[in-house]
Amino acid sequence: MKKIIFSLLVIAGSFAANAQVDRSTMPKAGPAPEINLSKPQSFELKNGLQVIVVENHKLPRVAYTLTLDNPPIQEGEKTGAAALSGALLGKGSKSISKDAYNEEVDFMGARINFGSQYASASGLTQYSDRILELLADAAINPNFTEEEFNKEKALLIDNLKTNEKSVSAAANTASRALLYGKNHPKGEFETPAGLENITLADAKAFYTKAFIPNNAYLVVVGDVDFKNIKKLVTKHFSGWKKGTALPSTFKSPENVAATEIDFIDMPNAVQSEVIVENLVSLKMSDPDYFPVLMANQILGGGGEGRLFLNLREDKGYTYGAYSSIGNDKYGMTSFNASASVRNMVTDSSVVAFLEEIDKIRETPVSEKDLKNAKAKYVGSFVRSLEQPATVARFALNIETENLPEDFYQNYLSKINAVTIADVQRVAKKYFLTDNTRIVIAGKGSEVLENLEKVNFKGKMIPVKFYDKEGNSVEKPTYEVALPEGVTTETVLNSYLQAIGGKDKVEALQSLIMMGEGSVQGTPLKLTIKKTSNGQFLQEISVMGNVMSKQVLNGETATITAQGQTITPNAEQVEALKAESAIVPELDMLANETISLKGIEKVDGKNAYVIAISDKKNAFFDTESGLKLKEETTQEMQGQSFVQAVMFSDYKEVNGVKFPFMMSQSMGPQNIEFTFTEVKVNEGVSDADFK
């Protein structure tokens with residue numbers, strides 16, 4: 001194993017009591033702190049597993065990380081086998097059941113996680129031996145059962161189906177497929193249809209191929225004894241059989257010959273996902289590595305980056321715009337700049353991205369910008385040295401990335417050595433404007449006309465059209481003529497008839513809807529109550545705790561969010577009144593201010609668009625008459641955004657149909673609620689609205 005040394009020497013100067021200091025001049029910067037890193041201990045098993053041990057006895061804790069250093073693996077028709085194999089790891093082993101395994105891990109207060117090509121565990125020193133044994137057992141002797149396979153497969157398929165309407169997911173999937181190509185490992189992606197064809201045997205085959213010791217590193221950090229760890233690792237991991245090294249023979253992708261916009265039409269999008277990207281070849285061992293870090297930090301590395309300051313702070317197009325650049329010793333990786341932007345500024349955002357990228361390429365950055373970027377990285381690096389795991393990560397990088405032994409000793413000096421000329425040089429090399437893909441997923445009916453007029457540096461940028469999987473498609477069409485005789489009144493009456501008839505709707509006195517959903521894995525519960533007396537309640541709770549609550553009782557209202565209750569203003573009260581109607585469309589019939597705007601696509605269906613106000617639209621299926629969606633424009637922190645609510649799975653309750661599925665999106669976040677209980681004309685009292 002190569003050597004590295006670890007410890008930060010803080011050198012402080014001292015001055016005599018009578019020293020005179022000239023405070024009128026800025027002191028010169030001193031040399032970069034010397035980084036001395038002590039050598040982690042290491043050994044290698046006969047099967048090729050390399051082990052790095054960092055003893056740190058400050059806390060009675062230990063952490064194990066098993067990393068497979070494989071090249072990107074092409075799955076082809078079996079795409080999804082990797083994800084499923086990773087999901088099955090950690091479900092017990094051949095010697096211990098899943099339940100018994102989990103119970104023991106919980107008893108020790110440990111954490112054990114697995115993926116298709118990694119495993120990790122952490123816990124108290126007193127249980128360190130057993131934690132390592134459980135980690136090894138589940139990793140080397142996985143308990144791949146048909147029952148668990150079917151559960152994980154169904155869960156993965158459900159997750160993919162949930163994301164089918166996600167604009168962000170569509171943009172990211174299509175961008176990878178287009179940038180790398182579907183025949184490249186980085187361009188592959190799972191689909192529900194593809195996963196249906198994956199078997200347990202396929203998941204096992206991927207595991208056998210990829211989870212091999214001769215390409216693996218085990219890093220041990222914490223309150224351990226090297227001799228004891230060597231003995232335990234040898235005992236638990238020596239039985240792990242060698243495998244055949246994986247090939248990295250896939251075809252290298254290439255950038256486009258000229259900049260183009262690749263558009264994915266998402267009719268339900270309330271904002272556009274914009275990704276500006278190009279392929280790069282960059283390794284940590286390259287001389288350009290440190291200059292690239294500085295160039296990207298200045299361009300879009302955070303809230304102080306130029307992209308953020310331009311697109312958010314200056315123009316207000318988005319909540320955040322950032323850039324990143326990868327490194328990969330196995331082949332091509334990418335430079336990427338992205339943001340979620342309002343529909344009406346999609347074309348302007350494209351130009352803003354290109355202008356900022358072009359600026360850092362063509363105009364030297366300021367001394368101040370470079371100084372700030374260096375300070376960001378120096379501060380981050382020094383803070384990272386406080387973590388024992390940092391040493392292990394550094395040691396692992398030196399081994400796997402072919403870095404010189406003094407790479408981290410010289411890290412700060414390498415950062416400080418980057419010049420303004422270096423930044424401009426690498427920006428021209430890695431941040432492209434003439435050979436870049438601009439992938440946009442958005443609502444074509446609102447953004448496409450202006451996108452096709454985007455002009456950069458005197459050249460029109462061609463627009464090509466793709467579906468969510470990166471397949472070339474024809475340009476979408478949006479012009480649908482309104483049938484003769486269709487009016488606002490006919491659309492609303494069709495809706496009332498579709499849900500049960502005007503007479504049954506007028507007989508509704510109260511409504512209760514109880515739903516369940518989740519956000520980022522956290523379960524949510526939604527409760528909606530309404531009466532014909534202008535009373536309304538909507539409550540969202542998380543694990544029994546109320547997260548938000550809106551209550552209207554005639555003319556008075558309260559809004560509670562995150563434990564704070566406020567009295568809404570007049571505009572908010574009016575909005576709550578509009579929501580309080582059990583079936584708002586009944587009242588709309590008498591509202592002469594609403595209007596029929598035309599026909600648009602919603603989930604592939606033609607829908608009549610009714611403007612309820614200048615900030616709210618409702619969409620009704622031209623065939624079934626049912627309401628498919630509502631869009632509301634809202635203002636927050638000086639920016640406008642569109643909140644969309646989708647309605648589906650209509651079911652009859654006492655003669656009236658209600659949507660049992662409601663999906664709400666706001667920016668990139670999407671929450672889907674399934675209603676488990678709907679009641680009419682029962683179970684509601686005045687006390688609910690106090």
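Side chains are part of it too, since the values below use all heavy atoms of this structure and drop only hydrogens, waters and symmetry mates. When a residue number appears, it is its place in the shown sequence, counting from 1.
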S.K.: Other residues, nucleotides and ligands only: do more than 12 of their heavy atoms fall within 6.0 Å of CD on Glu146?
M.R.: yes
S.K.: Could you check whether Arg176 pairs with Glu188 (Lys NZ or Arg NE/NH1/NH2 to Asp/Glu carboxylate O, under 4.0 Å)?
M.R.: no
S.K.: Is the count of non-hydrogen atoms from other residues, nucleotides or ligands lying under 6.0 Å from Lys525 atom NZ greater than 12?
M.R.: no
S.K.: With sequence neighbours left out, what residues match Thr199 under side chain to side chain donor-acceptor pair (under 3.5 Å)?
M.R.: Asp202
S.K.: Please say whether the positively charged group of Lys204, taken as NZ for Lys or CZ for Arg, lies over the ring of Phe144, i.e. under 6.0 angstrom from the six-membered ring centre and within 45 degrees of the axis.
M.R.: no
S.K.: Show every salt bridge (charged side-chain N to carboxylate O under 4.0 Å, His left out) that has at least one partner inside residues 116-143, sequence neighbours left out.
M.R.: Glu104-Arg130, Arg130-Glu133
S.K.: Is it the case that atom NZ in Lys414 sees more than 12 heavy atoms from other parts of the structure closer than 6.0 Å?
M.R.: no
S.K.: Determine whether the aromatic ring centres of residues Tyr319 and Phe308 are separated by less than 6.0 angstrom.
M.R.: no
S.K.: Counting heavy atoms not belonging to Asp286, are there more than 12 under 6.0 Å from its CG?
M.R.: yes
S.K.: Using side-chain heavy atoms (C-beta onward) and a distance below 4.5 Å, is Phe211 in contact with Leu89?
M.R.: yes
S.K.: Just so I know, are the side chains of Phe114 and Ile112 near enough to count as touching, which here means a heavy-atom distance under 4.5 Å?
M.R.: yes
S.K.: Is any side-chain heavy atom of Lys230 closer than 4.5 Å to a side-chain heavy atom of Gln41?
M.R.: no
S.K.: Flag the pair Lys329 and Glu401 as a salt bridge only when some basic side-chain nitrogen lies within less than 4.0 angstrom of an acidic carboxylate oxygen.
M.R.: no
S.K.: Is the closest side-chain donor-acceptor distance between Ser95 and Ser93 under 3.5 Å?
M.R.: yes
S.K.: Regarding Glu273 and Ser340, do their side chains bring together a donor and an acceptor under 3.5 Å, going by distance alone?
M.R.: yes
S.K.: Output the distance between atom CG (Asp649) and atom OG1 (Thr674), rounded to the nearest 0.5 Å.
M.R.: 8.0 Å
S.K.: Any side-chain heavy-atom pair from Ile73 and Gln117 closer than 4.5 angstrom?
M.R.: yes
S.K.: Is the closest side-chain heavy-atom distance between Phe43 and Val53 below 4.5 Å?
M.R.: yes
S.K.: Does the ring centre of Tyr411 sit less than 6.0 Å away from the ring centre of Phe381?
M.R.: yes
S.K.: Check whether any side-chain heavy atom of Phe335 lies under 4.5 Å from a side-chain heavy atom of Asn296, and answer yes or no.
M.R.: yes
S.K.: Of all residues at least two apart in sequence or in a different chain, which pass the side chain to side chain donor-acceptor pair (under 3.5 Å) check with Lys186?
M.R.: Asp328
